[in-house]
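When a residue number appears, it is its place in the shown sequence, counting from 1. This one's a predicted model, so the numbers in the text were calculated from it and none came from an experiment. Values reported hereafter were calculated over all heavy atoms of this structure, with side chains retained and with hydrogens, waters and symmetry mates removed.
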Amino acid sequence: NRGESWVASADMTKAIDRNAFPIMGVPGTEYMTSKNDGLSNYGNIITLAESPSLPGLIWVGTDDGNVQVSQDGGVTFTNVAPNIPGPRDNYQVSRVTPSAFDPAVCYVALDNHRFEDWNPYLFVTRDFGKTWTSIANNLPRGNVNVITEDPRNPNLLYAGTEFGLFVSLNGGQEWKRFQNGLPTVRVDDIIVHPRDNDLIAATHGRSFYILDDITALQQLTPEAAAGDARLFAVREAVQWLSNTQEGTSLGGAKHFRGQNPPAGTAISYFLPRELAGEVTLTISTPGGEVLRTLSGPGSRGIHRVQWNLRQDPPPRPEGAQQQPQQGPMVEPGTYRVKMTVNGREMVQSVVVLEDIWMGQVGG
């Protein structure tokens, strides 16, 4: 009832007395100086999540090794941690991530570095916690802080570890380091923006990092990666207007402001093998009039070419001085993007939206 009244659950933790823990070989029950200085409470809920696909299905992880699940809205909980074939210590459950596609599926990341165990621990259950399978596989040494499931592709997973960001295209069977401008740094949280479809990573002390438009990753299924060249869907673009009259500059904030994404929209494609030359991309009207020609790398892998919503520059008059030129902006509307590889044409459409200011409505 929106927080008007609350009902307490049973204790989700193991209710371990922290004061009984031995410290450097000394029994915790013996006297020692400043034993509690700088220490936090022990026996806490660290991570909690309700299933996006089934309301009332709640997962809880604690810092002393419990993974609790409730299928009745929190009335009763079952500790399924003994079913996980991981470490037997009082590890910290760093993240529980229920699937948005199947209510029986939940991902769990464990952190056991406090017991000098730096192995990565990632598990998935497909039966509400009765059985668990490790999906850490080829992840390198380092505790896992977060596991995130892509909202559009259930086989696309993101893992944040002590030493960077990793991505799996096949549900955790294989992981690849995914840095691309991201430094080797602890990643504490990962989210895919529900509106903009950007991948956002929160790091430990190195700020936030945003990868604009991850459509290419979402559409690069294992089947697509094993097939021919592929042109991915293009995100719609906005032809932004600039307000030069009210533009202001606050110098004191310049060191705390991130960069805006480049103008226009990105055109992404995948090549399963290296080509002899560059890739040619054309943007045309629905009637076939070519407005812009762009080129991109022909090497193997995923590539991205930025279209700034401009047409090709007009031809230079004979004898004119060579200076950089820009073509005119295209009008808002729908355009055609074509890529040709080895005689095979791939086509996607891109929508250019008008930037409408509310102050302009009604004249």
Backbone N/O of Gln92 and side chain of Asp111: donor-acceptor pair under 3.5 Å | no

Is the backbone N or O of Val187 less than 3.5 Å from a side-chain atom of Asn145, with the two atoms forming a donor-acceptor pair by type?
-> yes

Do Ile200 and Tyr209 have side-chain heavy atoms sitting under 4.5 Å apart?
-> no

Glu174 versus Asn137, side-chain donor and acceptor atoms under 3.5 Å = no

Taking it one step at a time, do Glu149 and Ser99 satisfy side-chain hydrogen bond (donor to acceptor under 3.5 Å, both in side chains)?
-> CA-CA 7 Å; Glu149 179 190 61; Ser99 172; 2.8 Å; yes

Indicate yes or no: does Asp64 engage Lys14 in a salt bridge with an N to O separation below 4.0 Å.
-> no

Met12-Leu48 co-clustered via ILVMFWY side chain contacts under 4.5 Å | yes

Any salt bridge between Glu4 and Arg2, counting N to O under 4.0 Å?
-> no

So which heavy atom on Pro140 is nearest to which on Arg177, and how close?
-> CG-NH2, 4.2 Å

Decide if atom CZ of Arg304 counts as having more than 12 heavy atoms of other residues, nucleotides or ligands within a radius under 6.0 Å.
-> yes

Could you point out which residue of Asp196, Asn197, Asp198 forms a side-chain contact (heavy atoms from CB on, under 4.5 Å) with Asp212?
-> Asp198

Could you tell me whether the side chain of Thr62 and the main chain of Asn66 form a donor-acceptor pair under 3.5 Å?
-> yes

Is there a path of hydrophobic side-chain contacts, each under 4.5 Å between heavy atoms of I, L, V, M, F, W or Y residues, that connects Ile190 with Leu217?
-> yes

Correct closest heavy-atom pair for Val96 and Ala49 would be O-CB, 3.8 Å

To the nearest 0.5 angstrom, please state how far the CH2 atom of Trp59 sits from the CZ atom of Phe77.
-> 11.0 Å

Are the side chain of Gln68 and the backbone N or O of Asn79 linked by a donor-acceptor pair below 3.5 Å?
-> yes

Considering residues, nucleotides and ligands other than Gln179, do more than 12 of their heavy atoms fall under 6.0 Å from its CD?
-> yes

Is a side-chain donor or acceptor of Glu354 paired with a backbone partner of Gln239 at a separation under 3.5 angstrom?
-> no

Regarding Arg310 and Gln326, is there a side-chain donor-to-acceptor distance under 3.5 Å anywhere?
-> yes

Just by distance, do the side chain of Asp312 and the backbone of Thr293 share a donor-acceptor pair under 3.5 Å?
-> yes

The reported gap from OG in Ser134 to CG in Leu122 (rounded to nearest 0.5 angstrom) is 7.5 Å

Rounded to the nearest 0.5 Å, how far does OG of Ser299 lie from CG of Leu271?
-> 7.0 Å

With a 4.5 Å heavy-atom cut-off, do Pro55 and Glu50 have their side chains touching?
-> yes

Go through the side-chain N and O atoms of Thr148 and Asp150 and say whether any donor and acceptor fall under 3.5 Å apart.
-> no

Smallest separation among heavy atoms of Pro103 and Leu54, with atom names | CB-CB, 3.7 Å

Nearest-0.5 Å distance that lies between atom CD1 in Ile135 and atom CD in Gln173 = 10.0 Å

Charged N-O contact under 4.0 Å between Arg186 and Asp188 | yes

State, yes or no, whether a side-chain contact exists between Arg95 and Val108 at a heavy-atom distance under 4.5 Å.
-> no

Student check: side-chain heavy atoms of Phe270 and Phe232 closer than 4.5 Å = yes

Side-chain donor-acceptor contact under 3.5 Å, Arg292 with Asn308 = yes

Would you call the rings of Phe163 and Trp118 parallel, tilted or perpendicular if under 30° counts as parallel and over 60° as perpendicular?
-> tilted

Close side-chain approach of Leu211 to Phe178, heavy-atom, < 4.5 Å = yes

Backbone N or O of Asp117 within a donor-acceptor pair of the Asn112 side chain at under 3.5 Å?
-> no

Expected output: side-chain Thr13 to main-chain Asn44 donor-acceptor under 3.5 Å | no

Is there a side-chain contact between Asp63 and Tyr42, using heavy atoms and a 4.5 Å cut-off?
-> yes

Any side-chain heavy-atom pair of Val330 and Gln311 under 4.5 Å | yes

Least distance between heavy atoms, Asp72 atom then Ser70 atom | OD1-OG, 2.8 Å

Is the closest side-chain donor-acceptor distance between Asn170 and Asn155 under 3.5 Å?
-> no

Is it true that Val144 and Leu156 fall in one hydrophobic cluster, defined by side-chain heavy atoms closer than 4.5 Å?
-> no

Checking side-chain contact (heavy atoms from CB on, under 4.5 Å) for the pair Val290/Ile283: CA distance, chi angles, key distance, verdict?
-> CA-CA 6 Å; Val290 176; Ile283 293 101; over 6 Å; no

How about Asn342: does its CG atom have over 12 heavy atoms from other parts shown lying under 6.0 Å from it?
-> no

Should Val26 and Tyr31 be counted in the same cluster of Ile, Leu, Val, Met, Phe, Trp and Tyr side chains packed under 4.5 Å apart?
-> no

Closest non-hydrogen atoms of Arg235 and Val350, given as atom of the first, atom of the second and distance, are O-CG2, 3.9 Å

NE2 of His303 to OH of Tyr269, rounded to nearest 0.5 Å, is 5.0 Å

Identify whether Leu157 and Leu165 are in the same connected component of the hydrophobic contact network (ILVMFWY, side-chain heavy atoms under 4.5 Å).
-> no

Quick one: do the Ser284 and Thr282 side chains pair a donor with an acceptor below 3.5 Å?
-> no

Side chain of Thr161, backbone of Asn143: donor and acceptor closer than 3.5 Å?
-> no

Exercise: identify the closest heavy-atom pair between Pro154 and Phe101 | CB-CD1, 3.5 Å

For Arg88, does the CZ atom have more than 12 heavy-atom neighbours from other residues, nucleotides or ligands under 6.0 Å away?
-> yes

Verify, without hydrogens or angle tests, whether Arg300 (side chain) and Pro272 (backbone) share a donor-acceptor contact under 3.5 angstrom.
-> yes

When rounded to the nearest 0.5 angstrom, what is the spacing between CG in Leu110 and CZ in Phe123?
-> 5.5 Å

Answer yes or no: are there more than 12 heavy-atom neighbours, outside His113 itself, under 6.0 Å from its atom NE2?
-> yes

Please examine the side chains of Tyr121 and Pro87, heavy atoms only from C-beta on, and report whether any two atoms are closer than 4.5 Å.
-> yes

